[in-house]
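Written out below as structure tokens is the structure these notes cover.
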Amino acid sequence: MILDIKQYVSEKIKNALRSLGIHEPAVILERPKDPLHGDISCNAAMMYAKKLGRNPKEFAQSILEQLALPDEFITKASIAGPGFINLFIADKYYTEKLTEINELKGNFGRLNDNSGKTADIEWVSANPTGELHTGHGRQTALGKAIANLLEWTGYKVTREYYYNNAGKQMENLAKSVYARYRQLFEPDYPFPEDGYAGDYVKEIAAILAKEHDDKLIDADDKIFREAGENWCFKSIRHTLDSFGIHHDIFFNESTLYETGKITETLEEFKKRGLSYEKDGAIWLKTSELLKNKKDAADKVIVKATGEPTYRLPDMAYHIDKLKRGYDLIIDIFGADHGDTYKEVLAGIEGLGYDSSKIKVIIHQMVTFVQDGKPVKMSKRADNVYTLDDLIEDIGADVTQFFFVMRSANTHLEFDIALAREQSDKNPVFYLQYAHARICSILRNAAEIFPDYSSAGSINYSLLDTPEAISLIKVLVLFPETVAAAAATLEPHKIITYLNEAAENYHRFYHNNRVIDAEAKELSFARLKLCEAARIVLKNGFDIIGISAPERM
RNA sequence: GCGCCCAUAGCUCAAUCGGAUAGAGCGACAGCCUUCUAAGCUGUAGGUUUCAGGUUCGAUUCCUGAUGGGCGUACCA
């Protein structure tokens, strides 16, 4: 018996509504918060009673009569509150679901809602002008989890990094490297006022000095730019690597120039009368293109110097991504980019492209706190606390978890002291501990019951304690949790769910002795439940991007 | 000024498409280890969901306004 209980119930209620005169009934099913309200509740009576001029509770009764309960899967039904229909599902349904979990293992929770579709997610995309710092952490972690989440719903996912090694910022890096290099020979040589102050620039300069001594003092900017770029990019990739992130594509902005896509886009704007010249620059009529026209000013897309501003290549880039034919395109930015992406989307829409496939995730800023006080971890200071430092300090799992545990559109307070804590206070360990605990039991079981792994049929009906039933009910919800999290691109929903799963497991463990040499049949059933719990936790960890330790 | 985001327990945050008695963790207090991992479990205390209206059978959720905070408002990205 493998069936989707929600679909079963939904169809049944729809039929009941049809026979009561509702032509195209929409049925919304929910899981009540209170277990006393059953396993599934339906608000159809309240939704339709008014249209029919009937009392909701009385109408609920009519629906109930049409349902002909109890049946094989629904053991009990009741009407409660203002007119909810509450249904109680047979334990048998849940216990047999365990078989499904244990068979699917690492695939339990994988959906095929989007199989055959492709998605592209572009994130991090920091310019190679420095190391990744803690401010990059949130989007780095979010992108990692969201990419996983999309894969779990069936998408074939391309992970992409937009790489910009041209422009003013890079020149600035070149000048900064040059100044540091020259200072090695002339300590009084001035450092550019807005140069990159980080120590890493000195490190780059030192490498150049070691290789070339002072022979580069009159050398072209290019050599300093390249040295800087290479060093920074290597550093960024190293950080991503230690975070377990691997991009499939590093899309170099310069290719947009080389292939003529920038000029092409610009010409198209001109042709459509969406741009004009003023003060030597080319302006885009963003005030007309933006949907929210209030106070929207036109923006420069080509500076008086002839160089495009970031907007133009960004638009050409998104057009390129659209043309690649993905079903879904995701960008992740911090709140400081909140306005600019709208200009980019408005621009490409102005050129006739459909931007509805592009979903932009804007996450709010992160404050690092220690002992209740904000801690500065900015890039401006000479001694920078990098993302690498953070990972080294608290570990990749904790870093990933803390950045992903809150909804992206709310400000994140990152408690660095709590994150450092290798104890029960740390919410990551609560989850991982549950996993390690299960692994330990399974190891013990292998010794005590050598025949467990080859056991034939399992008597799941022995899983009849409230804790066991409650745990199973939570485990069964994993696939729909994945669907819900993916639908809104919110991986924190997985964490909220995993907390509930872990909590239920710990309670089960505490009240139900798993291994009992005197009660083999019961032990086997409970071990199967443990395995299922382990699978769900592990799969959830895979999505949010943390490890599943077997020992702690 | 204008735009976007946010406001929920002492603190950090959840809350299913608008659902029933708003939930966790931390902190506080009180219990549970001669049994499979106590990084665990159990209990107590803690709320006018910032405020004022509106829509609805029903609002933390949607709408309007106010207040407070974050981020933008570049010929930087």
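By convention in this document, chain letters (A, B, ...) are assigned in the order of the sequence lines, proteins followed by strands, and residues within each chain are numbered from 1. Note that the structure is predicted; figures quoted are calculated from it, not measured.
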Problem set entry | Separation of rC11(B) P from E421(A) CD (nearest whole Å) | 21 Å
For this session: Determine whether the aromatic ring centres of F524(A) and Y452(A) lie less than 6.0 Å apart.
Result: yes
Problem set entry | Inter-nucleotide P distance (rC5(B), rG65(B)), Å rounded | 14 Å
Problem set entry | Watson-Crick or G-U wobble mate for rG23(B), both contacts under 3.5 Å | rC13(B)
Seminar exercise, completed: Walking RNA chain B from its 5' end, the first of N511(A) and N43(A) to be reached, judged by nearest nucleotide, is N43(A)
Problem set entry | side chain to side chain donor-acceptor pair (under 3.5 Å) evaluation trace for R406(A) with H411(A) | CA-CA 9 Å; R406(A) 303 304 182 202; H411(A) 186 93; over 6 Å; no
For this session: Report the residue from K493(A), R507(A), R31(A) that forms a salt bridge (charged side-chain N to carboxylate O under 4.0 Å, His left out) with E500(A).
Result: R31(A)
Exercise. Is rA28(B) paired to anything, Watson-Crick or G-U wobble with both distances less than 3.5 Å, and if yes, which nucleotide?
Worked result: rU44(B)
For this session: Could you give the distance separating rU44(B) and rU49(B) at their C1' atoms, to the nearest angstrom?
Result: 23 Å
Exercise. With both distances kept under 3.5 Å, what pairs with rU34(B), Watson-Crick or G-U wobble?
Worked result: none
For this session: State whether R311(A) places a side-chain N or O below 4.0 Å from either non-bridging phosphate oxygen (OP1 or OP2) of rA77(B).
Result: no
Exercise. Taking atom types as they are modelled, is there a donor-acceptor pair under 3.5 Å from the base of rA20(B) to the side chain of N86(A)?
Worked result: yes
Exercise. How long is the line joining OH of Y430(A) and P of rU12(B), in whole Å?
Worked result: 22 Å
Exercise. Counting only side-chain N and O atoms of K303(A), is one of them less than 4.0 Å from OP1 or OP2 of rC76(B)?
Worked result: yes
Exercise. Judged by modelled atom types alone, do D298(A) and Y276(A) share a side-chain donor-acceptor pair under 3.5 Å?
Worked result: yes
Exercise. Where the side chain of K33(A) is concerned, which of rG40(B), rA20(B), rC71(B) is the nearest nucleotide?
Worked result: rA20(B)
Exercise. Among rC13(B), rC4(B), rG19(B), which is the nearest nucleotide to the side chain of R406(A)?
Worked result: rC13(B)
Seminar exercise, completed: Rounded to whole Å, the OH-P distance (Y497(A) to rA24(B)) equals 17 Å
Exercise. If the P atom of rG68(B) is compared with that of rU50(B), how far apart are they to the nearest Å?
Worked result: 16 Å
Exercise. Under the criteria of a ring-centre distance below 5.5 Å and an interplanar angle below 30°, is F84(A) stacked with the base of rA20(B)?
Worked result: yes
Problem set entry | Rounded distance in Å - CG (D424(A)) to C1' (rU37(B)) | 14 Å
Problem set entry | Ring centroids of H37(A) and rA20(B) base under 5.5 Å with planes under 30° | yes
Problem set entry | Heavy atoms of other groups near K270(A) NZ, more than 12 under 6.0 Å | yes
Exercise. Would you say the side chain of S41(A) and the base of rA20(B) hold a donor-acceptor pair, judged only by whether the two atoms sit under 3.5 Å apart?
Worked result: yes
Exercise. Does OP1 or OP2 of rC6(B) have a side-chain N or O of N409(A) closer than 4.0 Å?
Worked result: yes
Problem set entry | Paired nucleotide for rC2(B) [Watson-Crick or G-U wobble; both distances under 3.5 Å] | rG72(B)
Exercise. If we take the C1' atom in both rA9(B) and rG46(B), what is their distance in whole Å?
Worked result: 6 Å
Exercise. When you match H510(A) and K278(A) each to their closest nucleotide on RNA chain B, which lands nearer the 5' end?
Worked result: H510(A)
For this session: Starting from C1' on rC76(B), measure out to CD on E171(A) and report it in whole angstrom.
Result: 12 Å
For this session: Look at K342(A) and rG72(B) and indicate whether a side-chain polar atom (N or O) is within less than 4.0 Å of OP1 or OP2.
Result: no
For this session: Check whether any side-chain N or O of K168(A) sits under 4.0 Å from OP1 or OP2 of rC76(B), and answer yes or no.
Result: yes
Problem set entry | Base-pairing mate for rG65(B) - Watson-Crick or G-U, with both contacts under 3.5 Å | rC51(B)
Problem set entry | Nearest listed nucleotide, side chain of I28(A), among rC17(B), rG40(B), rG19(B) | rC17(B)
For this session: Using the P atoms only, state how far rA14(B) lies from rC76(B), rounded to an integer number of Å.
Result: 37 Å
For this session: With P as the reference atom in both, quote the distance from rC6(B) to rA15(B) in angstrom, rounded to an integer.
Result: 12 Å
Exercise. Hey, is the side chain of N444(A) poking within less than 4.0 Å of OP1 or OP2 on rU37(B), counting only N and O atoms?
Worked result: yes
Exercise. Is the base of rA77(B) touched by the side chain of Y310(A) through a donor-acceptor pair closer than 3.5 angstrom?
Worked result: yes
For this session: Rounded to whole angstrom, note down the P distance from rA28(B) over to rA22(B).
Result: 27 Å
Problem set entry | Check: E421(A)/N426(A) side-chain N/O donor and acceptor closer than 3.5 Å | no
For this session: Compare side-chain N and O positions of H492(A) against OP1 and OP2 of rA15(B) and report whether any pair is under 4.0 Å apart.
Result: yes
Exercise. Does Y317(A) reach the side chain of L256(A), with side-chain heavy atoms less than 4.5 Å apart?
Worked result: yes
